[in-house]
Amino acid sequence: MPISIHNHWIDKLAVLTGVLSGFALYPQVFTVIMSGSSENVSLTTYAIIFGNSIVWLIYSIHRGLLSLAIPSILNILASAALIVWFLTT
């Protein structure tokens with residue numbers, strides 16, 4: 001099913017909040033990379049976020065929901081970055 005954008009204000013608000021919530025993990029990613037330490041960050045938490053976001057991305061594609069696809073993609077990228085950081089440092 002193709003992803004579509006509806007014109008109702010609640011759909012536009014959902015896309016906006018999807019973008020904002022999708023960036024919620026990035027301050028933590030930035031902090032870990034800049035400090036060079038993942039000491040107070042849980043690998044388990046980011047592994048759960050990664051797996052959960054993959055499921056939501058698949059669902060959003062299946063249902064054509066852009067408002068779910070955006071945060072799912074952004075959360076996959078952020079959590080993957082932190083997981084790679086954990087495994088390589």
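Keep in mind that the numbers below use all heavy atoms, side chains included, and drop hydrogens, waters and symmetry copies. Remember, it's a predicted structure, so these values are computed and weren't measured experimentally.
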Checklist entry - Roughly how far, to the nearest 0.5 Å, is CD1 of Ile61 from CG of Leu66? => result 11.0 Å
Item to check | Worked verdict on Phe23 versus Val19 for side-chain contact (heavy atoms from CB on, under 4.5 Å) | outcome: CA-CA 7 Å; Phe23 283 108; Val19 170; 3.7 Å; yes
Next on the checklist: Working to the nearest 0.5 angstrom, can you tell me the gap between Ser53 OG and Ile58 CD1?
Outcome noted: 11.0 Å
Item to check | Shortest non-hydrogen separation from Ser38 to Val32 and the atoms involved | outcome: CB-CG1, 4.0 Å
Checklist entry - So if you build clusters from Ile, Leu, Val, Met, Phe, Trp, Tyr with side-chain heavy-atom gaps below 4.5 Å, do Val41 and Val84 land together? => result no
Checklist outcome for this item: dist Asp11:CG -> Leu65:CG (nearest 0.5 Å) comes out at 9.5 Å
Item to check | Rounded distance (nearest 0.5 Å) linking atom OG1 of Thr44 with atom CZ of Phe86 | outcome: 8.5 Å
Next on the checklist: Membership question, hydrophobic clusters at under 4.5 Å side-chain separation (ILVMFWY): are Val55 and Tyr59 in the same one?
Outcome noted: no
Checklist entry - If you take all heavy atoms of Ala47 and Ile83, which pair is closest and at what distance? => result CA-CD1, 3.8 Å
Checklist entry - Ser21 side chain to Gly18 main-chain N or O, any donor-acceptor pair under 3.5 Å? => result yes
Item to check | ILVMFWY cluster, Ile33 and Leu77 together (side-chain gap under 4.5 Å) | outcome: yes
Checklist entry - Would one find more than 12 heavy atoms of other residues, nucleotides or ligands at under 6.0 Å from atom OH of Tyr26? => result yes
Checklist entry - So if you build clusters from Ile, Leu, Val, Met, Phe, Trp, Tyr with side-chain heavy-atom gaps below 4.5 Å, do Phe50 and Leu43 land together? => result yes
Item to check | Separation between CG of Leu57 and CG of Asn52, rounded to the nearest 0.5 Å | outcome: 11.5 Å
Checklist entry - Quick one: CD1 on Ile49 to CD1 on Ile54, what's the gap to the nearest 0.5 Å? => result 12.5 Å
Item to check | Residue pair Ser79 / Leu25: nearest heavy atoms and the distance that separates them | outcome: N-CD1, 4.4 Å
Next on the checklist: Is it the case that atom CH2 in Trp56 sees more than 12 heavy atoms from other parts of the structure closer than 6.0 Å?
Outcome noted: no
Item to check | Transitive ILVMFWY side-chain link Leu16 to Ile70, under 4.5 Å | outcome: no
Item to check | Minimal non-hydrogen separation, Ala14 against Thr17, with atom names | outcome: O-OG1, 3.2 Å
